[in-house]
Amino acid sequence: MSIEERSFSLDGQWNTIHLPEQPNGFAVMIFGDCNHFVDNHTSLWKQNSERFTLIQTLMKMGYTVFYSHLYGRNWGNPEAVNLARRVYRYVLKYEVLNPKIHILAEGMGSLTAIDFINDMDGYIRSAILINPCLDLKGHFQQEKQNKLFLKRIRKEISQAYRVEIEQIDGLLEKEMSRFTLKRNVPINIFHDATGSVYPLKVHGRPFENSCLEKGFYVTLTIQMPGKSAERYTAIPKFFSRFESIL
């Protein structure tokens, strides 16, 4: 591992910090999708060339970037949110950073990110959500239509929330309020025009409308095919707009 990276373990979960050559004092915390992983040697964000390009872009601009395995397919469970808070405190303890951070979340990681944002009052500058999952109940109902994936999603949610499969519907009714933004944090949603496993009409659009009704700052960008490079340029530009230290 190079001196530009540090790894550490909390509660048996590996975490990685990417350190820029010339720090600007600001940090970005990443919350990954279902396929996200971190171990003591590598991570999805290092192995995937597009994602690693984004990390390198952020580092060149001076950002410290960090993320955690967060128990894998956590589906926004409270344990993942609690661990995210511990990871945040660890990084802020050992790195010289402004305590107000940016959030970058992808897919399923958006569930954990929203609950984390709600909990971290005053410590989140802005957030980027890429093809986000923002309605766990809606996603489960969608997967019910596909028998190929229904058994897997039932098992994953059952394990993540430690409930019997028969209790999942009741759990989702109760948990939905956790994934509604309760604080006015600037958010930009990027959604692929070609679609994703988290459809815009189920996740991004209702979330956007909910934020607008509350007078919260939210924008939605529909990304055309082959425009991922533009996204990676837009992300740090969005972050930089919310970096007043006053």
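Atom set for the values below is all heavy atoms of this structure, side chains included, hydrogens, waters and symmetry mates excluded. In this text the structure is predicted, and so the values were computed from the model without any measurement. Throughout, numbering of the chain's residues begins at 1 and tracks the sequence.
- A heavy-atom distance below 4.5 Å is not found between the side chains of F216 and S210.
- A side-chain contact (heavy atoms from CB on, under 4.5 Å) with Y63 is found for one member of L58, I101, L19 and no other, namely L58.
- Judged by distance alone, with hydrogens and angles left aside, the side-chain atoms of N131 form no donor-acceptor pair with the main-chain N or O of Y198 at under 3.5 Å.
- Going from atom OH of Y71 over to atom NE2 of H69 covers 10.5 Å, rounded to the nearest 0.5 Å.
- In this structure, the side chain to side chain donor-acceptor pair (under 3.5 Å) partners of R205, at least two apart in sequence or on a different chain, are E208.
- Note on residues 20-41: no pairs pass salt bridge (Lys or Arg N to Asp or Glu O under 4.0 Å), not counting sequence neighbours.
- Between F116 and F31, the angle of the ring planes lies from 30° to 60°, which puts this pair in the tilted group.
- Looking at S126, its side chain never comes within 3.5 Å of a backbone N or O of I187 through a donor-acceptor pair.
- For the pair L181 and C211, the tightest heavy-atom approach, listed with the atom from each and the gap, is CD2-SG, 3.8 Å.
- Taking CG of L104 as the start and CD1 of I235 as the end, the distance is 5.5 Å to the nearest 0.5 Å.
- Between R125 and E243, none of the side-chain N atoms (NZ, or NE/NH1/NH2) sits under 4.0 Å from a carboxylate O, so this pair counts as no salt bridge.
- Counting only N and O atoms by type, the side chains of Y232 and T53 include no donor and acceptor under 3.5 Å apart.
- When atom types are taken as modelled, the side chain of N24 and the backbone of F26 share a donor-acceptor pair closer than 3.5 angstrom.
- Remark: the S7 side chain and the N40 side chain contain no N/O donor-acceptor pair separated by less than 3.5 Å.
- Without hydrogens or angle criteria, Q142 side chain to V197 main chain gives a donor-acceptor distance under 3.5 Å.
- In this structure, the side chains of T16 and W14 stay at 4.5 Å or more apart for every pair of heavy atoms.
- Judged by distance alone, with hydrogens and angles left aside, the side-chain atoms of K46 form no donor-acceptor pair with the main-chain N or O of V38 at under 3.5 Å.
- Listed for the H191 side chain is no donor-acceptor partner under 3.5 Å among the backbone atoms of I222.
- For K144, the side-chain contact (heavy atoms from CB on, under 4.5 Å) partners two or more places apart in sequence, or in a different chain, are F140, Q141, L150, D169.
- Sorted by first and then second residue, the salt bridge (Lys or Arg N to Asp or Glu O under 4.0 Å) pairs with a member in residues 186-202 read D192-R231; sequence neighbours excluded.
- Shown here for M59 and P20, the closest heavy-atom pair between the two residues is O-CB, 3.2 Å.
- Taking the centre of each ring, H18 and W45 stay at or above the 6.0 Å mark.
- Contact record, H139 with C133: CB-SG, 4.2 Å, taken as the closest heavy-atom pair.
- Distance check: T112 OG1 to E79 CD gives 10.5 Å after rounding to the nearest 0.5 Å.
- A127 and V185 make their closest contact through N-CG1, 4.3 Å (heavy atoms, listed as atom of the first residue, atom of the second, distance).
- For E95, the side chain to side chain donor-acceptor pair (under 3.5 Å) test picks out R6, with sequence neighbours left out.
- A donor-acceptor pair is defined here as one N or O able to donate and one able to accept, closer than 3.5 Å; no such pair exists between the side chain of N77 and the backbone of Y161.
- Smallest separation of non-hydrogen atoms from N188 and L220: OD1-N, 4.1 Å.
- The closest side-chain heavy-atom distance from Y217 to F242 is below 4.5 Å.
- Annotation: K151, atom NZ; neighbour count of heavy atoms from other residues, nucleotides and ligands within 6.0 Å does not exceed 12.
- Two residues are said to be in side-chain contact when any heavy atoms from C-beta on lie closer than 4.5 Å; L111 and W75 meet this criterion.
- The local environment of CD in E164 is sparse, with at most 12 non-hydrogen atoms from other residues, nucleotides or ligands closer than 6.0 Å.
- Taking CD1 of I117 as the reference point, atom CG of L129 lies at 6.5 Å (rounded to 0.5 Å).
- Taking the six-membered ring wherever Trp is involved, the centroid distance between the rings of F66 and Y90 does not fall below 6.0 Å.
- More than 12 heavy atoms of other residues, nucleotides or ligands lie within 6.0 Å of NZ in K182, so this atom counts as buried by the packing criterion.
- For H203 (side chain) and L134 (main-chain N/O), a donor-acceptor pair under 3.5 Å exists by modelled atom type.
- Here the CG atom belonging to N74 is positioned 8.5 Å from the SG atom belonging to C34, to the nearest 0.5 angstrom.
- Here the NZ atom belonging to K100 is positioned 8.0 Å from the OG atom belonging to S244, to the nearest 0.5 angstrom.
- Residues forming a side-chain contact (heavy atoms from CB on, under 4.5 Å) with E213 (at least two apart in sequence, or on another chain): none.
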